[in-house]
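Presented below is the structure to which this report refers.
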Amino acid sequence: MRELYQDDPERSDALVWGRRGALKGAALVSMGAALGATIPFAARLPGGLLPAALAQPTSVGGGPRMVQLGGKAPLILQGERPLNAETPETLLDDDVTPAEKMFVRNNGQVPEAPSNPRAWKIRIDGEVNQPLELTVGELESGRFPLVTRRLQMECGGNGRSFFSPETRGNQWGNGAVSCAEWTGVRLRDLLQAAGLKEGGKFTGHYGADPHLSGDRERQAISRGMRIEKAVDEDTLVAIRMNGQPIPLIHGAPLRLVTPGWPGSLSQKWLTRIWIRDRPHDGQGMGGTSYRVPVQPIVPGSRNDGSDFRELESMAVRSVLTNLSHGTRLPAGTRELHLRGHAWAGDKTVGAVHASVDFGTTWREMRTDSPANRYAWQRWSGRVDLPSDGYFEVWYRATDSDGLMQPHVAANWNPQGYGSNAVSRAAIMVG
Ligand SMILES: Nc1nc2c(c(=O)[nH]1)N[C@H]1C(S)=C(S)[C@@H](COP(=O)(O)O)O[C@H]1N2
Ligand SMILES: [Mo]
């Protein structure tokens, strides 16, 4: 049925549903059996839309492959080489994401643990008056103010699996995001100490992780950004995560944290920041890498990305953390308490809404203010159900400029960035 809908949603819709609300013939058997329930709001299901229980894998009946890494909760395995793992949405309920629940995104190999973390060095050079070399020990010493912030970090490809047609890369759901409490020095303070030259307009980041091929000349990833973001007071060179030394897999002993922008700008195992007079051209820069179309392109088409723009502030998104897709609830359940988090890149979240009737009516949830700038925001609220049956909880955040999550992933691009469609969790009552 998924294939049928993918090929021609309107036609499959006509085949599956007779008059809206009544499933026809074989479709009644297969869809009804697959859903295991009636659909009280069937007449409100938008044309061409396959119920989420069939469209998205649930943990019931062959869910995603899980992985148990050392010191980690069970995560969704996205790939072993390089090692990538996603946090199940329901594990994102903590205000501060604990280390064991943090998603893992690597482009190369995980380096060896440093034998003497305090002697680890970072270099700042290029378009500066006085190149700097500092050890972790010096950064801890208080020469530069240490600040502690809760900062959301989201992979540029978060939500990629919702693109149609499928795009290259890890097929993340909504769980390539975290909001840990980071302690470090402001990159701005280090740049000030080095003395930015007039021509210092961009950064280029380097880390110690070996390229997958083992070739020492090649970088696993080396991205960079406009200097405006580098001097943002919440862009940190971090030495602690949640009050502890940074875990190896998350970049020990030193990492950049660039909140609100693609996670790839938060270089782990940080060794160097090169200040440049032109956009950095390291691994993961240019072409279709972390770049999105300015004018929409035909989904599935080829494009060299030369007209694309850099993916910078991430778009608004929300997660539902107390109810998972595919949950079965006892007969007679007539209300659902919902809660989760929402965030919006450099912006804040203005509102979160939820619907249980396929988006016909929406209920506004309560949205808390962030603990500090760039922390994600808690949302919570209640929705009512009219009867037993199959429902979908749709949840949708709106940013402080009034931009909402769209109904389907928009602005398709070859590497699948910026998908932030409304999420749907299938619920069966009774
Ligand atoms: N050195 C290095 N830094 C890196 C990466 C990497 O592969 N190597 N991956 C980046 C990407 S794409 C993301 S989304 C974040 C993920 O951080 P985490 O693994 O700590 O969750 O780290 C970024 N920093
Ligand atoms: Mo990423």
Side-chain angles (χ1 to χ4, degrees), residues 67 69 71-73 75-79 81-87 91-92 97-112 114 120 122 151-160 167-182 184 203-213 218-225 235-238 240-242 244-273 280 282-285 289-291 310-312 314 317 345 415-419:
V67 62
L69 305 168
K72 286 279 186 186
L75 301 179
I76 300 163
L77 182 66
Q78 288 286 356
R81 235 190 104 74
L83 182 62
N84 288 301
E86 173 175 358
T87 311
L91 290 190
L92 291 172
T97 311
E100 69 264 22
K101 296 179 186 169
M102 194 179 244
F103 79 101
V104 175
R105 169 65 175 125
N106 296 314
N107 290 268
Q109 305 177 42
V110 176
E112 305 246 320
W120 184 279
I122 175 190
L151 303 171
Q152 35 103 353
M153 191 191 300
E154 181 179 19
C155 182
N158 199 21
R160 180 178 288 131
T167 58
R168 276 191 315 240
N170 294 311
Q171 295 301 304
W172 305 113
N174 282 330
V177 64
S178 63
C179 183
E181 192 172 79
W182 296 94
T203 60
H205 315 149
Y206 290 84
D209 44 334
H211 190 269
L212 270 191
S213 65
R218 293 170 73 185
Q219 301 294 322
I221 190 166
S222 175
R223 302 206 62 241
M225 58 199 170
T235 298
L236 304 184
V237 172
R240 281 201 285 281
M241 185 179 109
N242 299 341
Q244 303 287 322
I246 300 172
L248 178 64
I249 209 163
H250 296 297
L254 194 69
R255 88 175 289 176
L256 197 55
V257 180
T258 305
W261 286 31
S264 53
L265 290 167
S266 292
Q267 193 85 26
K268 302 194 273 192
W269 311 293
L270 184 67
T271 55
R272 178 189 180 203
I273 294 177
H280 186 49
Q283 182 63 38
M285 298 295 287
S289 289
Y290 300 98
R291 285 161 60 83
E310 297 293 318
L311 179 66
E312 296 186 331
M314 295 288 290
R317 188 194 304 277
Q415 287 185 244
Y417 301 111
S419 139

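In this text the structure is predicted, and so the values were computed from the model without any measurement. Every number for a ligand or one of its atoms is a count from 1 in the order of the listing.
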Q.
For ligand 1 and Asn106, I'd like to know whether there is a polar contact (N/O to N/O, distance under 3.5 Å).
A. no
Q: May I ask which of Asn107, Thr258, Val104 has a heavy atom nearer to atom 9 (N) of ligand 1 than the others do?
A: Asn107
Q.
Heavy-atom pairs closer than 4.0 Å: do any link ligand 1 to the side chain of Trp269, the backbone, both, or neither?
A. side chain
Q. Taking atom 12 (S) of ligand 1 as the point of reference, which of Arg105, Arg223, Met153 owns the nearest heavy atom?
A. Arg105
Q. Hey, which atoms in ligand 1 end up nearer than 4.0 Å to a heavy atom of Tyr290?
A. 12 (S)
(Q) Does ligand 1 come near enough to Phe103 that some N or O of the ligand is less than 3.5 Å from an N or O of the residue? (A) yes
**Q.** Side-chain touch Lys72/Ile249, heavy atoms, less than 4.5 angstrom
**A.** yes
Q: Answer with side chain, backbone, both or neither: which part of Ser264 has a heavy atom less than 4.0 angstrom from an atom of ligand 1?
A: both
Q: Compute the minimum heavy-atom distance from Trp172 to ligand 1 and say whether it is under 4.0 Å.
A: no
(Q) For ligand 1, which is the ligand I care about here, please tell me if Glu154 has any N or O atom under 3.5 Å from one of the ligand's N or O atoms. (A) no
Q: Mind checking whether Arg255 contacts ligand 1 via backbone (N, CA, C, O), side chain (CB onward), both or neither, at a 4.0 Å heavy-atom cut-off?
A: side chain
Q: Measure across Asn158 and Arg317 and return the closest heavy-atom pair with its distance rounded to 0.1 Å.
A: O-NH2, 2.8 Å
Q) Would you say ligand 1 has an N or O under 3.5 Å from any N or O of Lys268? A) yes
Q: Work out whether the distance between some heavy atom of His205 and some atom of ligand 1 is less than 4.0 Å.
A: no
Q) Do Asn170 and Arg160 have side-chain heavy atoms sitting under 4.5 Å apart? A) yes
Q) For Ser266, is the nearest heavy atom under 4.0 Å from an atom of ligand 1? A) yes
